[in-house]
Amino acid sequence: MGHTMIEKILKAHAISGTVSPGQYINCRVDIVMGEDITAPVAIREFEKTGAKEVFDPERIALVPDHFAPNKDIASAGQIKLMREFAKKYKIKHFFEVGEMGIEHVILPELGIVGPGDVVVGADSHTCTYGALSAFATGVGSTDMAAAMALGSTWFKVPETMKIVFKGRLQPWVSGKDLILHTIGKIGVDGAIYRAMEFCGDTVKELSMADRFTMANMAVEAGAKCGYFLPDEKTREYAQGRFQREAVYYTSDEDAEYAQVVEIDAAGVEPCVAFPHLPENVKSMSEIFSGEPVVIDQVVIGSCTNGRIEDLRTAANVLKGQRVAKGMRLIVIPGSQAVYRQAVEEGIVTQLIDAGAAVSTPTCGPCVGGYMGILAAGERCVSTTNRNFIGRMGHVKSEVYLASPAVAAASAVLGRIGSPTEV
């Protein structure tokens, strides 16, 4: 019996244990990552261990992005702790304001993570890096602390489910629509502790930005990780960018899968996840057949959809348009590089002309931090990844998850709508 890509990566990194689904193994890690909510907890736990040094100062990344630039005194203290730890242990990858960005955008962008890696991050959306054919997963802060000291951690080897997408995408359908449709189909518990392998002829045509989006949201189906098999687009992205030697693994033809799900991608419409779960997905046809959903705010950005391709799409929809009266449109580039490119391409000007507020890179309102918190009764269409109760503010507010195209169109319309209407 053959093996999946994830099983091969784990086998190559295993220190002990048998690499088969359900078995526990101890594994070397290539990168350990933490952000300004989780890393301070990990740092305090690390200090309790009595360790005199980290396992490798070049393989730890500390990214203040949730409340940076400092939101308040408490966040300033959290980030100061990270800064001092990075200085004390000579951590190479610590990102200050002015060079920082959203962690899951800048780590691939800067080549810190790449194909064949085992990456653990004290953030649930660490699974984003599966787009680069890596095994990447979120861990708790105490596990992050141990990994910083030891350079290894334990896993239960996940079983794998194959998601096969077939057919050519309709206009305006993106990776965000594919993953929302998938979560709507299998549910938020449909892939619990499984690896999700995204494949099929549709996938071959997806951009890396779309792949990052889909891998990012695998955790919203309960998955341990989501990943794409390497192809020419993977190699093109990694070449000249990845700071170490890329190792490309793929799944064997006779690999064993716990489940195979086939999806007619040609039949997928632009869609929206209604409150309060990512599985509560409605197609645009279903939305049009119901009562109009009037909204107060639109957020375009986050680790899910804050890349230059996402901003281009939004600017394309907004070109020559203005946001609806009373609408708040907040656009947050995922990194300084994305921000700069958006400036150079004239995208920022287009967004401002449409009535958008453009922010420095930050996670901002995604986790209810700042830069767009909702009041009671307010509704927001957002390109972020979660729409739980109180996720973006008041417990009586509502978050609707959508692609940048649908989000931008909704900002113009003042209600949830399609880019075909603009």
Side-chain angles (χ1 to χ4, degrees), residues 102 105 171-181 183 209-210 212-214 216-217 220 268-275 278 280-284 287-288 292-324 326-334 338 342 347-348 350-359 363-366 371-372 374 378-387 391-393 397-422:
I102 301 172
V105 176
W172 298 112
V173 174
S174 67
K176 185 61 166 284
D177 300 294
L178 288 181
I179 192 62
L180 286 177
H181 178 87
I183 297 169
D210 279 325
F212 283 125
T213 296
M214 293 175 67
N216 175 276
M217 289 194 67
E220 309 312 333
V268 175
E269 300 179 39
C271 53
V272 177
F274 276 50
N280 191 16
V281 176
K282 296 185 180 182
S283 69
M284 201 54 66
I287 294 168
F288 286 158
V293 181
V294 177
I295 57 174
D296 305 283
Q297 177 172 291
V298 168
V299 173
I300 298 172
S302 86
C303 61
T304 317
N305 284 113
R307 295 172 180 83
I308 189 64
E309 294 87 346
D310 301 310
L311 271 57
R312 285 176 186 148
T313 296
N316 187 27
V317 174
L318 291 166
K319 189 174 182 179
Q321 306 284 347
R322 286 285 299 181
V323 302
M327 174 66 57
R328 307 186 302 271
L329 171 58
I330 301 167
V331 181
I332 307 173
V338 171
I347 291 172
V348 170
Q350 284 182 264
L351 294 171
I352 292 172
D353 287 347
V358 183
S359 164
C363 294
C366 174
M371 290 293 299
L374 300 175
E378 289 191 316
R379 290 171 170 166
C380 176
V381 171
S382 179
T383 67
T384 53
N385 42 45
R386 286 180 177 156
N387 58 349
R391 172 74 178 183
M392 201 174 280
S397 64
E398 295 179 349
V399 178
Y400 297 76
L401 305 178
S403 70
V406 170
S410 300
V412 173
L413 297 166
R415 58 170 170 79
I416 295 177
S418 167
T420 60
E421 299 180 80
V422 176

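Predicted model only: the values in this text are computed from it and were never measured.
The backbone N or O of Cys366 sits nowhere less than 3.5 Å from a side-chain atom of Thr384 that would complete a donor-acceptor pair. Side chain of Gln297 to main chain of Gly372: a donor-acceptor pair is present (N/O by atom type, distance under 3.5 Å, no hydrogens or angles). Using modelled atom types, one side-chain atom of Arg307 and one backbone atom of Cys303 make a donor-acceptor pair closer than 3.5 Å. For the pair Lys176 (side chain) and Ala405 (backbone), a donor-acceptor distance under 3.5 Å is absent.
Taking 4.5 Å as the limit, some side-chain heavy atom of Glu421 sits within range of a side-chain heavy atom of Leu413. Put simply, the side chain of Met284 reaches to within 4.5 Å of the side chain of Val406, judged on heavy atoms. Taking 4.5 Å as the limit, every side-chain heavy atom of Val293 sits out of range of all side-chain heavy atoms of Arg415. In this structure the side chain of Thr383 never reaches within 4.5 angstrom of the side chain of Val299, judged on heavy atoms. For the pair Ile308 and Arg312, the minimum side-chain heavy-atom distance is below 4.5 Å. Asp177 has its side chain out of reach of Glu269: every pair of non-hydrogen atoms, C-beta onward, lies at least 4.5 Å apart. Looking at heavy atoms from C-beta onward, Ser410 lies out of side-chain contact with Tyr400 at the 4.5 angstrom threshold.
To the nearest 0.5 Å, atom CZ of residue Arg379 and atom CG of residue Asp296 are 8.0 Å apart. Between the CD1 atom in Ile295 and the SG atom in Cys380 there is a gap of 7.5 Å [rounded to 0.5 Å]. The distance from the CE atom of Met371 to the CD1 atom of Ile330 is 6.0 Å, given to the nearest 0.5 Å. Once rounded to the nearest 0.5 Å, the distance linking CD1 of Ile347 with CG of Asn316 reads 9.5 Å. We find the CG-OG distance between Asp310 and Ser302 to be 8.0 Å, quoted to the nearest 0.5 Å. One distance of note links CG of Asn280 with CG of Asn387; it measures 7.5 Å at 0.5 Å rounding.
Considering all non-hydrogen atoms of both residues, Ser382 and Val399 come closest at CB-CG1, 4.1 Å. Across all their heavy atoms, Ala408 and Leu318 have their closest contact at O-CD2, 3.7 Å. Between Trp172 and Pro270, the closest heavy-atom pair is O-CG, 4.2 Å. Here the closest non-hydrogen pair linking Cys271 and Ser283 is CB-CA, 4.0 Å. Of all non-hydrogen atoms in Val105 and Gly334, the two that sit nearest each other are CB-O, 3.7 Å. In terms of heavy atoms, Ile352 sits closest to Arg322 at O-NH1, 3.9 Å.
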Criterion salt bridge (Lys or Arg N to Asp or Glu O under 4.0 Å) on Arg328 and Glu378, from CA distance to verdict | CA-CA 11 Å; Arg328 307 186 302 271; Glu378 289 191 316; 3.1 Å; yes
Yes or no on side chain to side chain contact (heavy atoms under 4.5 Å, CB included) for Lys282 and Ile287, after CA distance, side-chain angles and deciding distance?
-> CA-CA 6 Å; Lys282 296 185 180 182; Ile287 294 168; 4.0 Å; yes
Begin from the C-alpha positions of Lys319 and Asp353 and carry the test side chain to side chain contact (heavy atoms under 4.5 Å, CB included) through to its verdict.
-> CA-CA 9 Å; Lys319 189 174 182 179; Asp353 287 347; over 6 Å; no
Stepwise, does the side-chain hydrogen bond (donor to acceptor under 3.5 Å, both in side chains) test hold for Asn385 with Thr304?
-> CA-CA 6 Å; Asn385 42 45; Thr304 317; 2.9 Å; yes
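Partner of Ile300 under the side chain to side chain contact (heavy atoms under 4.5 Å, CB included) criterion, chosen from Thr313, Leu329, Val381, Asn305: Leu329.
Between Glu398 and Arg391 no salt bridge is recorded (no basic side-chain N to carboxylate O distance below 4.0 Å).
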